[in-house]
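Report on the following structure.
What you see is a predicted model; the values in this text were computed from it and never measured.
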Amino acid sequence: MTPGISEALAPCVHCGFCLPACPTYLATGDESDSPRGRILLMRGLAAGEIDPRDAALNQHLDACLGCRGCEPVCPSGVAYGRGLERTRELLANARGLPPAARAVLAVFRRRAFWRPVLAVARWLRATGLPRRWAGTGRAGFLMGMLAASRMNGRNNEPTARPSGGRPVRPTVALFRGCVMDALFPHVHAATRRTLEANGYQVIEVAGQACCGALHDHAGGTSGARQLARANVAAFMTDTDYVAVNSAGCGAILKDYGHLLGTPEAAQFAGRVRDVTELLADAGPRPGGPLPLEVAYDAPCHLQHAQRVHEAPIAVLHAVEGLRVRMLPGADRCCGSAGIFSLVQPAMSHAVLADKIDELRAADPPPQVVATGNPGCVMQIGAGVLAAGLPIRVMHPVELLDEAYRAAGFY
């Protein structure tokens, strides 16, 4: 049996606790679309009993979101996510990546490719056309995702540094990534301001690359390692922490020690923190009033992979007047899952449908959905636009930033 796959999946005793935690199983009711069913398929593949080009095998494994929602509920401690990643690496080596996935990953492998592509996307967003064209069809949903990448309603950012902050705490290097840097610079700005308002010294680091999560999840492990090595080299600084505001990026950055297997990578991974972890450690400092109904939706790779649960809630509770709650299903995947929504749109939309139904039925209705991952912001945002719901989707630090602005900190 293939090493890595067998070790990760060996503890499974087929108890079935994972089934109700799996969004794709809930969407289809097919055992082969559940973690238990997929583990049987992965074991058969690793043992050489199933051909890697088997159509049914690929159908069910490609349809997995990789959300890892099965891991926290597993009494045996199965490392499903690690087993899935190594299985997809085996499949990619045997059959190659699907054309759509190969094209997307090729773009994000080099800054010279993704930077101009996302610059055009940002220009298109500024025209306002994506919001007008948002809809339920494939093209309309993509337009909705682009429109949803900025829903805070602000077209400019304050240039002044935060005033009245606490004494300087540890130094923090900001990880910028690719999609976050190109489509969510407003979240990076809010991250810097809120960290500085809580006493951190934030610095910029040159030479960064894409985190490699998209590649690793799709089976393109060599590309993920190339990007990881570039980031480890870039962040060989003496900063105390590396702050990341994308849950998907944070999960793989914290796993660089395993991905690369070097002391330098392990040292880097040990310094990585989600921005909400750093803010929660600092208090965070309370801000001004924002009387809003907010539904918090937990990104899979923050709650399941990084096991960060309380920090985002602490950040939101630092905002006076914010009424925060978690709707039913807030702990389940939205269907974004990196490039999943691009290569498996039907399953992606089927998983999202339950979340949109919960938002539609909520009483009182939320004015904002807060979630800490760009893919989740775009996926849920596209869903609410298509459904005609008057809801904004924002990163938690954007709300804290608004509260600090209201308090006159900058």
Side-chain angles (χ1 to χ4, degrees), residues 103-104 107-108 110-160 174-194 204 208-211 214 244-249 275 290 292 334 336 338-339 341-342 345 348 352 367-402 404-406 410:
V104 173
V107 169
F108 284 101
R110 291 177 175 83
R111 184 182 179 89
F113 293 165
W114 63 256
R115 193 73 188 179
V117 169
L118 293 179
V120 171
R122 190 169 62 248
W123 168 82
L124 180 60
R125 181 184 67 187
T127 67
L129 292 175
R131 179 176 285 270
R132 291 173 56 188
W133 293 340
T136 56
R138 188 165 189 178
F141 197 84
L142 288 173
M143 287 296 101
M145 291 181 74
L146 179 56
S149 63
R150 182 152 193 171
M151 299 183 82
N152 64 5
R154 289 191 172 271
N155 295 318
N156 53 62
E157 303 289 347
T159 55
L174 179 62
F175 181 78
R176 288 195 164 271
C178 50
V179 172
M180 286 299 297
D181 199 36
L183 295 183
F184 294 84
H186 51 288
V187 175
H188 281 329
T191 295
R192 172 183 278 278
R193 288 191 295 267
T194 54
E204 297 289 344
Q208 300 183 42
C210 169
C211 68
L214 300 178
V244 60
N245 48 26
S246 164
C249 296
V275 60
L290 290 180
L292 293 171
C334 66
S336 172
I339 66 172
S341 60
L342 301 178
S348 174
L352 174 64
Q367 296 163 282
V368 175
V369 172
T371 188
N373 189 62
C376 302
V377 171
M378 296 170 75
Q379 176 86 348
I380 299 172
V384 299
L385 286 173
L389 299 177
I391 299 173
R392 292 181 294 161
V393 187
M394 299 169 64
H395 196 290
V397 298
E398 291 186 271
L399 290 164
L400 186 64
D401 187 51
E402 289 287 342
Y404 285 176
R405 194 192 310 266
Y410 25 86

State, to 0.1 Å, how close [X] and [Y] come at their nearest heavy-atom pair, and which atoms those are.
{"X": "Arg125", "Y": "Pro130", "answer": "CA-CG, 3.9 Å"}
{"X": "Met151", "Y": "Val384", "answer": "CE-CG2, 4.5 Å"}
{"X": "Arg138", "Y": "Pro345", "answer": "CZ-CG, 3.7 Å"}
{"X": "Ser341", "Y": "Met145", "answer": "OG-CE, 3.7 Å"}
{"X": "Val107", "Y": "Phe113", "answer": "O-CB, 3.4 Å"}
{"X": "Ala386", "Y": "Gly135", "answer": "CB-O, 3.6 Å"}

* To do: List in chain and number order the residues that pass side chain to side chain contact (heavy atoms under 4.5 Å, CB included) with Cys178, two or more places apart in sequence or in another chain; answer none if no residue qualifies.
  => Phe108, Trp114, Cys210
When you compare the side chain of [Y] with that of [X], does any pair of heavy atoms fall below 4.5 Å?
{"X": "Leu146", "Y": "Leu124", "answer": "yes"}
{"X": "Leu399", "Y": "Leu292", "answer": "yes"}
{"X": "Phe141", "Y": "Gln379", "answer": "yes"}

* Geometric cation-pi criterion, Arg405 with Tyr410: 6.0 Å, 45° -> no
* Checking side-chain contact (heavy atoms from CB on, under 4.5 Å) for the pair Leu183/Arg150: CA distance, chi angles, key distance, verdict? -> CA-CA 8 Å; Leu183 295 183; Arg150 182 152 193 171; over 6 Å; no
* Under the side-chain contact (heavy atoms from CB on, under 4.5 Å) rule, what do Thr371 and Val393 come out as? Steps first, then yes or no, please. => CA-CA 7 Å; Thr371 188; Val393 187; 4.0 Å; yes
To the nearest 0.5 Å, what is the distance between [atom1] on [X] and [atom2] on [Y]?
{"X": "Met143", "Y": "Arg132", "atom1": "CE", "atom2": "CZ", "result": "13.0 Å"}
{"X": "Thr136", "Y": "Leu385", "atom1": "OG1", "atom2": "CG", "result": "12.0 Å"}
{"X": "Cys211", "Y": "Arg176", "atom1": "SG", "atom2": "CZ", "result": "15.0 Å"}
{"X": "Asp181", "Y": "Ser246", "atom1": "CG", "atom2": "OG", "result": "12.0 Å"}
{"X": "Thr127", "Y": "Arg122", "atom1": "OG1", "atom2": "CZ", "result": "13.0 Å"}
{"X": "Tyr404", "Y": "Leu290", "atom1": "OH", "atom2": "CG", "result": "11.5 Å"}

* Val368 vs Ile391, side-chain contact (heavy atoms from CB on, under 4.5 Å): CA-CA, chis, key distance, verdict -> CA-CA 5 Å; Val368 175; Ile391 299 173; 5.7 Å; no
* **Donor-acceptor under 3.5 Å (Arg392 side chain, Ala370 main chain)** => no
* Output yes when a side-chain donor or acceptor of Glu402 lies under 3.5 Å from a complementary backbone atom of Val397, and no otherwise. => no
* Show your reasoning for whether salt bridge (charged side-chain N to carboxylate O under 4.0 Å, His left out) applies to Arg193 and Glu398. => CA-CA 10 Å; Arg193 288 191 295 267; Glu398 291 186 271; over 6 Å; no
* Check the pair Trp133, Leu142 against side-chain contact (heavy atoms from CB on, under 4.5 Å), reporting the backbone distance first and the verdict last. => CA-CA 9 Å; Trp133 293 340; Leu142 288 173; over 6 Å; no
* Answer with yes or no whether the side chains of His188 and Asn245 bring together a donor and an acceptor at under 3.5 Å. => yes
